[in-house]
A.B. asks: 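Have a look at this one.
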Amino acid sequence: MSASPILITGGAQRLGRHCAERLRDDGHPVIVSYRRERDELAALRERGIVTLQADFASEAGILDFIARLKAHTGALRAIVHNASDWAPDATGEEAGADFERLFRIHMLAPYLINLHGRELLEACSEPQRDIVHLTDHVAQTGSRKHAAYAATKAGLANLTLSFAAMYAPSIQVNAIAPSLIMLGEGDDEAYVEKVKARSAMGMIPGPGVIYQSLRYLLDNRYVTGVTLPVDGGRHLR
Ligand SMILES: NC(=O)C1=CN([C@@H]2O[C@H](COP(=O)(O)OP(=O)(O)OC[C@H]3O[C@@H](n4cnc5c(N)ncnc54)[C@H](OP(=O)(O)O)[C@@H]3O)[C@@H](O)[C@H]2O)C=CC1
Ligand SMILES: Nc1nc2c(c(=O)[nH]1)N=C([C@H](O)[C@@H](O)CO)CN2
């Protein structure tokens, strides 16, 4: 029987793309969701990675994605909730709508995909099935400039505990809480030095450390309900 695919949401770029490519290299069938069509998706498709469009900013968009996911596959080996919008806090009239949007992307989408995805994971013929949430170090600390982002990531962290309890023993549910893994396009040298100083390791490791953490969770039959910090010792500063 052929292996069941691993779904990575928001897998068109950066951490999600890196993990999708590494999982494909390891021989897994992979499905990624993407929001914006672009040329870079061709290389993923050429490697046999299935790409499904999804915009999680609305409940209708989430449910539409779920329907197309179920039409594409009858089983999943794992679901990795990676899609995210690191939006700074909006001001004025936009603040409420922006919070609601981040709630849908970071909490409602994982919640509904996990509820509907249970039957797909339990249809997997392999003994281990996993759900992995990408949260963030700031889920524990809050953020002065990304309060809505941090709060909705904290909600996702809490969903890890609930789903781990609900889905054991047939499905393991864990989280990875990164901090400063990759820079953004507009980050200047001053920002780089400032954020590097925030962690004990003082480095910007790149997406490989996230894949190592994901690989650990996918390969370990006895871990559920935990969050793996991948933050360079930021809690020590
Ligand atoms: N990079 C870092 O240093 C850190 C990352 N993290 C977390 O790790 C994960 C990966 O980070 P990173 O690779 O930087 O993430 P990105 O900022 O690159 O976002 C990943 C993907 O999320 C998708 N996305 C954004 N909004 C929506 C939406 N409304 N509906 C559906 N998809 C959407 C985007 O799709 P598209 O491009 O197609 O629009 C994007 O490709 C995230 O959950 C992030 O919060 C946590 C701490 C640090
Ligand atoms: N969806 C995203 N979330 C986050 C990003 C990002 O680029 N996309 N980046 C960070 C920063 O690296 C932050 O950790 C620096 O302190 C956080 N989340």
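Atoms within each ligand, like the ligands themselves, are counted from 1 in listed order. Quick note: numbers below take in every heavy atom, side chains included, and nothing from hydrogens, waters or symmetry partners. Since we're looking at a predicted model, the values are computed, not measured.
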A.B. asks: Has Met166 got more than 12 heavy atoms of other residues, nucleotides or ligands less than 6.0 Å from its CE?
C.D. replies: yes
A.B. asks: Can you name the atoms of ligand 2, numbered from 1 with element, that are less than 4.0 Å from a heavy atom of Tyr149?
C.D. replies: 3 (N), 4 (C), 17 (C), 18 (N)
A.B. asks: Sequence neighbours left out, what passes side chain to side chain donor-acceptor pair (under 3.5 Å) with Ser4? Give chain and number order.
C.D. replies: none
A.B. asks: Which ligand 1 atoms, with their elements, are less than 4.0 angstrom from a heavy-atom of Asp136?
C.D. replies: 46 (C), 47 (C)
A.B. asks: Counting each atom of ligand 2 from 1 as listed, which ones have a heavy atom of Arg234 under 4.0 Å away?
C.D. replies: 16 (O)
A.B. asks: Check Arg144 with Asp89, please: is the shortest side-chain N to carboxylate O separation under 4.0 Å?
C.D. replies: no
A.B. asks: So, is Asp55 polar-close to ligand 1, with some N/O to N/O distance under 3.5 Å?
C.D. replies: yes
A.B. asks: Ignoring angles and geometry beyond distance, decide whether Asn82 reaches within less than 3.5 Å of ligand 1 through its nitrogen or oxygen atoms.
C.D. replies: yes
A.B. asks: Specify side chain, backbone, both or neither for Thr9, according to which of its non-hydrogen atoms lie closer than 4.0 Å to ligand 1.
C.D. replies: neither
A.B. asks: Does any N/O atom on Met182 come nearer than 3.5 Å to any N/O atom on ligand 1?
C.D. replies: yes
A.B. asks: Look at atom 15 (C) of ligand 2 and say which protein heavy atom is nearest, naming residue and atom and giving the distance to 0.1 Å.
C.D. replies: Tyr191 OH, 3.6 Å
A.B. asks: Which protein heavy atom lies closest to atom 2 (C) of ligand 2, and at what distance to 0.1 Å?
C.D. replies: Trp86 CB, 3.4 Å
A.B. asks: Can you tell whether the side chains of Arg68 and Asp64 come within less than 4.0 Å, N to carboxylate O?
C.D. replies: yes
A.B. asks: Is there a donor-acceptor contact under 3.5 Å from the side chain of Tyr149 to the main chain of Val138?
C.D. replies: no
A.B. asks: Does the residue Thr135 have a heavy-atom contact with ligand 1, meaning some pair of atoms that are separated by less than 4.0 Å?
C.D. replies: yes
A.B. asks: Number the atoms of ligand 2 from 1 as they appear, then name those within less than 4.0 Å of a heavy atom of Arg14, with their elements.
C.D. replies: 6 (C), 7 (O)
A.B. asks: Can a cation-pi geometry be assigned to Arg35 and Phe65, taking NZ or CZ under 6.0 Å from the six-membered ring centre and within 45° of the ring axis?
C.D. replies: no
A.B. asks: Applying a heavy-atom cut-off of 4.0 Å, say which part of Phe65 lies close to ligand 1: side chain, backbone, both or neither.
C.D. replies: neither
A.B. asks: Is the closest heavy atom of Arg38 to ligand 1 under 4.0 Å?
C.D. replies: yes
A.B. asks: Return yes or no for this condition: an N or O of Gly16 is under 3.5 Å from an N or O of ligand 1.
C.D. replies: no
A.B. asks: Please confirm whether Lys153 approaches ligand 1 to less than 4.0 Å, judged on its heavy atoms.
C.D. replies: yes
A.B. asks: Under 3.5 Å between any N/O of Arg198 and any N/O of ligand 2: does that happen in this structure?
C.D. replies: yes
A.B. asks: Could you tell me, atom by atom, which parts of ligand 2 come under 4.0 Å of a heavy atom of Ser84?
C.D. replies: 1 (N), 2 (C), 3 (N)
A.B. asks: Is the contact between Lys153 and ligand 2 made by the side chain, the backbone, both, or neither, using heavy atoms and a 4.0 Å cut-off?
C.D. replies: neither
A.B. asks: Which ligand 2 atoms are under 4.0 Å away from a heavy-atom of Asp136?
C.D. replies: 17 (C), 18 (N)
A.B. asks: Considering only non-hydrogen protein atoms, determine which one is nearest to atom 14 (O) of ligand 2 and report residue, atom name and distance to 0.1 Å.
C.D. replies: Leu180 N, 3.0 Å
A.B. asks: Output yes when Asp25 and Arg22 qualify as a salt bridge under the 4.0 Å nitrogen-oxygen rule, no when they do not.
C.D. replies: no
A.B. asks: Could you check whether Asn82 and His133, counting side-chain N and O atoms only, form a donor-acceptor pair closer than 3.5 Å?
C.D. replies: no
A.B. asks: I want to know if ligand 1 touches Gln13 in the polar sense, i.e. an N/O pair below 3.5 angstrom.
C.D. replies: yes
A.B. asks: Quick one: look up the protein heavy atom nearest atom 17 (O) of ligand 1 and list residue, atom name and how far away it is.
C.D. replies: Ser84 O, 4.1 Å
A.B. asks: Does ligand 2 have a heavy atom under 4.0 Å from the side chain of Val138, from its backbone, from both, or from neither?
C.D. replies: neither
A.B. asks: Any ion pair linking Glu119 and Lys70 (charged N to carboxylate O, less than 4.0 Å)?
C.D. replies: yes
A.B. asks: Do you see a donor-acceptor pair shorter than 3.5 Å between the side chains of His106 and Thr152?
C.D. replies: yes
A.B. asks: Report yes if Val195 has an N/O atom closer than 3.5 Å to an N/O atom of ligand 2; otherwise report no.
C.D. replies: no
A.B. asks: Run the numbers for me: atoms of ligand 1, each under 4.0 Å from some heavy atom of Leu180, listed by number.
C.D. replies: 3 (O), 48 (C)
